[in-house]
Structures are given as C-alpha cells and as structure tokens.
Amino acid sequence: MASDLKIDIDGVRLNVRVGAIMRHGDNVVIEISKIGLNSVVPGGRIQINEKSTSALVRELQEEMGITFTEEKMTLVKGFENFYTMGGKPSHEIYFLYEYVLSDDELAQINFDTNEDNENTYFALVPKTDMAKYNVLPLTLYPLINN
C-alpha cells in the first residue's frame, strides 16, 4: 500500500490533499463531523506517485463505497491551506475539483455514514447553507457559491 503524501519538516506537517465540490442542482455534498464543529468537502490525501484525480476516485470509493468517473472531474483550483490540528501547524497543498452528480450517483450515496471514518457522515445541503456547517477551509465558500 502506498504512503500518503505528507512529511514533517521543522515541526510543520506538509500535506498534499484533494477534495471535491460534489454538486447536484443547487446542493453540495459535505462531510460532517460527529465529534467536532467543522465540516469538509469529500476527499483526502494523495498518495506517493498518485495522480490527484486517481486519489479523489480512490478516496470517494473508500468513503462512499461508490466508484466515480475521473473524466467528470473538473479542476477548480489549487491552493495552499494553513492550519493547526492537535497543536501541530500544517501547510497543505490542496487540489479542488468539481463533480456534478447524476441522479443515479446521488441515489447510491449513503448519507448516514462514512465507510472509512465512523466519526463523520455525508449530507446534501443547499450551497447557500455552507456557513451553517462551518465548512473548512474557508477558501471554499466563494468557490462553492460560484
């Protein structure tokens, strides 16, 4: 199994991450924490020697149990994200894609669970309600509402 693309340098964690704004009409799929106050868009870390689109397909498969189509992914933006988690500063390189869900794909998503993380679940929410769920990073808000 390949390793996640992350490294600790001078006390700072460097991550390379991929995420998806998964749209269905005016709604967006988000991953909501059961134990914290924050939410994110579906995605995860890219592994060593893995394309960002392949990583996104793999992460969505692991979390949702569904295979999504790489060809339907559109790169929205690459950006940096700086945050602290558990007292450790992190510098993240983030590749953000958009994925428009078909009715069939939407019907296959189990919104009550995350197959890869028992502490989160998925929800389909109006894009205008993102602030209610504290979706991070904040850089996503204008991109989701665009």
Side-chain angles (χ1 to χ4, degrees), residues 1-24 27-102 105-106 108-127 129-146:
M1 179 183 213
S3 297
D4 287 343
L5 199 48
K6 66 180 179 185
I7 189 168
D8 291 331
I9 304 170
D10 296 333
V12 177
R13 163 86 30 107
L14 175 64
N15 289 315
V16 182
R17 186 172 186 81
V18 64
I21 300 171
M22 301 181 81
R23 298 186 188 276
H24 189 265
N27 301 304
V28 176
V29 175
I30 61 172
E31 184 177 348
I32 300 173
S33 175
K34 296 177 186 177
I35 58 174
L37 302 174
N38 302 323
S39 302
V40 296
V41 295
R45 288 194 181 121
I46 297 173
Q47 295 179 345
I48 298 293
N49 206 29
E50 183 178 41
K51 292 185 340 183
S52 58
T53 51
S54 299
L56 187 53
V57 167
R58 176 185 50 76
E59 286 288 345
L60 296 175
Q61 168 70 36
E62 290 171 1
E63 295 175 358
M64 296 179 172
I66 306 166
T67 301
F68 292 93
T69 306
E70 219 173 303
E71 292 74 27
K72 286 179 59 178
M73 295 176 188
T74 303
L75 182 64
V76 173
K77 186 174 185 172
F79 60 93
E80 293 176 285
N81 182 30
F82 297 89
Y83 62 93
T84 300
M85 182 178 286
K88 184 174 200 111
S90 294
H91 180 171
E92 188 168 72
I93 309 301
Y94 200 116
F95 294 92
L96 181 68
Y97 287 86
E98 180 176 62
Y99 192 98
V100 178
L101 291 162
S102 68
E105 289 168 329
L106 182 69
Q108 293 179 57
I109 297 173
N110 181 353
F111 286 103
D112 297 326
T113 190
N114 176 339
E115 294 187 19
D116 195 44
N117 183 346
E118 64 185 28
N119 295 317
T120 66
Y121 65 95
F122 295 101
L124 185 66
V125 300
K127 68 180 184 179
D129 288 351
M130 291 293 111
K132 293 178 184 176
Y133 296 94
N134 197 33
V135 177
L136 296 177
L138 297 175
T139 309
L140 296 177
Y141 286 95
L143 300 171
I144 290 171
N145 288 314
N146 185 7

So, do [X] and [Y] sit near enough that their side-chain heavy atoms are less than 4.5 Å apart?
X      : Y      : answer
Leu101 : Ile109 : yes
Glu105 : Ile66  : no
Ser52  : Ile46  : yes
Lys132 : Val125 : no
Asn81  : Arg17  : no
Met85  : Arg13  : no
Leu5   : Ile93  : no
Tyr83  : Pro137 : no

Could you tell me which non-hydrogen atom of [X] sits nearest to which non-hydrogen atom of [Y], and how far apart they are?
X      : Y      : answer
Ala123 : Ile32  : CB-CD1, 3.6 Å
Met22  : Pro42  : SD-CG, 3.8 Å
Gly43  : Glu59  : O-OE1, 3.7 Å
Pro142 : Leu138 : CD-O, 3.9 Å
Asn119 : Asn117 : N-OD1, 2.8 Å
Ala55  : Val18  : CB-CG1, 4.0 Å

Look up atom [atom1] in [X] and atom [atom2] in [Y], then write down how far apart they are to the nearest 0.5 Å.
X      : Y      : atom1 : atom2 : value
Thr74  : Tyr99  : OG1   : OH    : 10.5 Å
Asp129 : Lys127 : CG    : NZ    : 12.0 Å
Ser3   : Arg45  : OG    : CZ    : 11.5 Å
Leu37  : Asn134 : CG    : CG    : 7.0 Å
Asp4   : Ile7   : CG    : CD1   : 13.0 Å
Leu124 : Phe111 : CG    : CZ    : 5.0 Å

- Message: What verdict does the side-chain contact (heavy atoms from CB on, under 4.5 Å) test give for Met130 and Leu140, after you've listed the backbone C-alpha separation in whole Å, the side-chain angles of each residue and the deciding distance to 0.1 Å?
- Response: CA-CA 9 Å; Met130 291 293 111; Leu140 296 177; over 6 Å; no
Under the 3.5 angstrom rule, does the side chain of [X] hit a backbone N or O of [Y] as a donor-acceptor pair?
X     : Y      : result
Tyr97 : Lys72  : no
Arg23 : Ile144 : yes
Ser39 : Tyr133 : yes
Tyr94 : Lys77  : no
Glu98 : Ile21  : no

- In terms of ring plane angle, is the pair Phe82 and His91 parallel, tilted or perpendicular, where the classes change at 30° and 60°? tilted
- Task: Apply side-chain contact (heavy atoms from CB on, under 4.5 Å) to Val41 and Leu96, showing your working.
- Result: CA-CA 9 Å; Val41 295; Leu96 181 68; 4.2 Å; yes
- Applying side-chain contact (heavy atoms from CB on, under 4.5 Å), run through Phe95 and Thr53 and close with a yes or a no. CA-CA 9 Å; Phe95 294 92; Thr53 51; over 6 Å; no
